[in-house]
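See below for the structure under consideration.
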Amino acid sequence: MKVMKFGGTSVGSAQRMKDVCRLITKDGLPNMVVLSAMSGTTNTLVEISDYLYKKNPEGANNVIKQLERKYQQHVEELYATEEYKQKTLDFLKEEFDYLRSFTKILFTSFEEKIILAQGEIISTNMVTNYLKECGVKVILLSALDFMRTDKNAEPDLNYIKEKIGEQLKAHPDYDIYITQGFICRNAYGEVDNLLRGGSDYTACLIGAALMSEEIQIWTDIDGMHNNDPRVVNHTEPVRQLHFEEAAELAYFGAKILHPTCIQPAKFAGVPVRLLNTMDPSAPGTIINNEIQHGKIKAVAAKDHITSIQIQSSRMLLAYGFLRKVFEIFESYKTSIDMVSTSEVGVSVTIDNTSYLKDIIADLMKYGTVTVHEDMCIICVVGDLNWENVGFESLAAQALKEIPVQMISYGGSSHNISFLVKEADKKRALQAFSDTLFNA
Ligand code: ADP
Ligand code: ASP
Ligand code: MG
């Protein structure tokens, strides 16, 4: 069974939904299909929640009304028969009345999670109804019945495996199984989600749980490009990536993939293929276990980074110093991305600054602390095994005119990272493309 995930743009209009239905019923059935909310919907649900947090039910109701009208229009365009139009309109009426009910109750983060879940609940219902209207043997499986995170907010793969197995056993003989991306329950059974962009993660978790033959991520671009196409001119698709390379690119900012979605596919050894819904015959990118020796594949950038330099108060770095420093970050549940050490100190970067003040106060017991905000990690990815000569000088050459605060290499043989100012990001990414890929 293949797992096919379609992102927001891919299901962004009635016509796109019809195109998706053609793609998923084309061959190799049965397929497990994971859908995002229609593009823009999750942002609108966030907007509704913001009004409710600010105790502005009128503002929320206006946005709900506008969204409802949009969906009624989609229904008009999607279905051919009155029966399915009416069925879906009835479903939408219930959904939007449900959203309106939140304007009358106390609003907390629990209610927000429920509101954010409705985008995927609506899109999967609409597509399932369309497939039923077309006579396809389709069933909608609620992700809330099998996607779960544990007490550390990490996906509970054993539970997911068991529950999705039960669902498939209870519903054999369907050609298409549809489910929602992004949404799940937490360890306490409450509605939750896998963070923004999380539908990719859902697809990879299901693919790993089912040991599926392939996980396909269908989106609006022809695979992973060698640099961020939103920032840089002349980027090219990369046809093949090793799991580790894709994982590094996703984690360090390649928006085409959710930051941690490659991990489950990598552990299960299930290949991931990135494909373009707007151009289905384009080859896209395959992510698997193969290495192309000595090749630099792509560059990605992660914004909103804070760097912290700690200079030891002793002349030489005493043993135990690094442990104490790292324990402080651990105690505030703050992950470190880059690390660089010298005889007298250590520099680290973080992206979660919720506890920055407390972290700095604790670090000051061990030395002088300097902080830089609005920094950006640029990560160059490929087969960067230390015995391959020349890639470090090539990468450094690209940045010859840009101030670099930190460099990190050696933690992985697939990544060399540079910390620059966020203001220099565009210049730095373009310089990498010009030097590494377009020279
Ligand atoms: P979806 O809604 O299908 O999940 P996303 O918007 O999350 O789609 O991801 C696709 C977008 O990612 C592309 O349109 C592109 O602008 C952006 N993107 C950023 N970096 C890359 C990259 N290196 N390669 C391809 N796309 C990228
Ligand atoms: N709909 C969610 C979002 O917009 C999840 C996803 O599209 O992957 O973040
Ligand atoms: Mg996405």
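All ligand and atom numbering here is 1-based and tracks the order in the structure.
Checking side-chain atoms of R148 against main-chain N and O of D156 turns up no donor-acceptor pair under 3.5 Å. T285 contributes a side-chain N or O that, together with a main-chain N or O of V238, makes up a donor-acceptor pair within less than 3.5 Å.
Here the side chains of L241 and K297 are in contact, with some heavy-atom distance below 4.5 Å. Residues D27 and K2 have side chains in contact (heavy-atom distance under 4.5 Å, counting atoms from C-beta outward).
The aromatic rings of F107 and F102 lie perpendicular to each other, with more than 60° between the two planes, well past the 30° mark.
Per-residue contacts place R196 under 4.0 angstrom from the following atoms of ligand 2 (heavy atoms of the residue considered): 3 (C), 4 (O), 9 (O). Near E120, the atoms of ligand 2 lying under 4.0 angstrom from a non-hydrogen atom of the residue are 1 (N), 2 (C), 5 (C). Listed by atom number, the atoms of ligand 1 under 4.0 Å from G223 heavy atoms are 24 (N), 25 (C). Listed by number with element, the atoms of ligand 2 under 4.0 Å from a non-hydrogen atom of S36 are 6 (C), 7 (O), 8 (O). Close contacts between ligand 1 and G8 involve ligand atoms 2 (O) [criterion: under 4.0 Å to a heavy atom].
The closest approach between a heavy atom of H258 and any atom of ligand 2 is not below 4.0 Å. Not a single heavy atom of G181 sits under 4.0 Å from any atom of ligand 2. Residue contacts with ligand 2: G197 is included, with a non-hydrogen atom under 4.0 Å away.
Atom 18 (N) of ligand 1 has its nearest heavy-atom neighbour, among A37, S199, P229, in P229. Evaluated by nearest non-hydrogen atom to atom 26 (N) of ligand 1, the leading choice among T285, L257, I256, D200 is I256.
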Problem - Derivation and outcome, salt bridge (charged side-chain N to carboxylate O under 4.0 Å, His left out), residues E76 and K85 - result: CA-CA 7 Å; E76 275 307 313; K85 267 185 198 166; 3.6 Å; yes
Criterion salt bridge (charged side-chain N to carboxylate O under 4.0 Å, His left out) on K5 and D200, from CA distance to verdict: CA-CA 7 Å; K5 175 260 168 177; D200 302 331; 2.6 Å; yes
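What sits closest to atom 11 (C) of ligand 1 on the protein, heavy atoms only, is D220 OD1, 3.9 Å. Of the protein's heavy atoms, S199 OG, 3.3 Å lies nearest to atom 6 (C) of ligand 2. The protein atom (non-hydrogen) at minimum distance from atom 1 (P) of ligand 1 is T219 OG1, 3.6 Å.
Considering both main-chain and side-chain atoms, K5 comes within under 3.5 Å of ligand 1 through a nitrogen or oxygen pair.
Checked for salt-bridge contact, K295 and D383 miss the test: no charged N lies under 4.0 Å from a carboxylate O.
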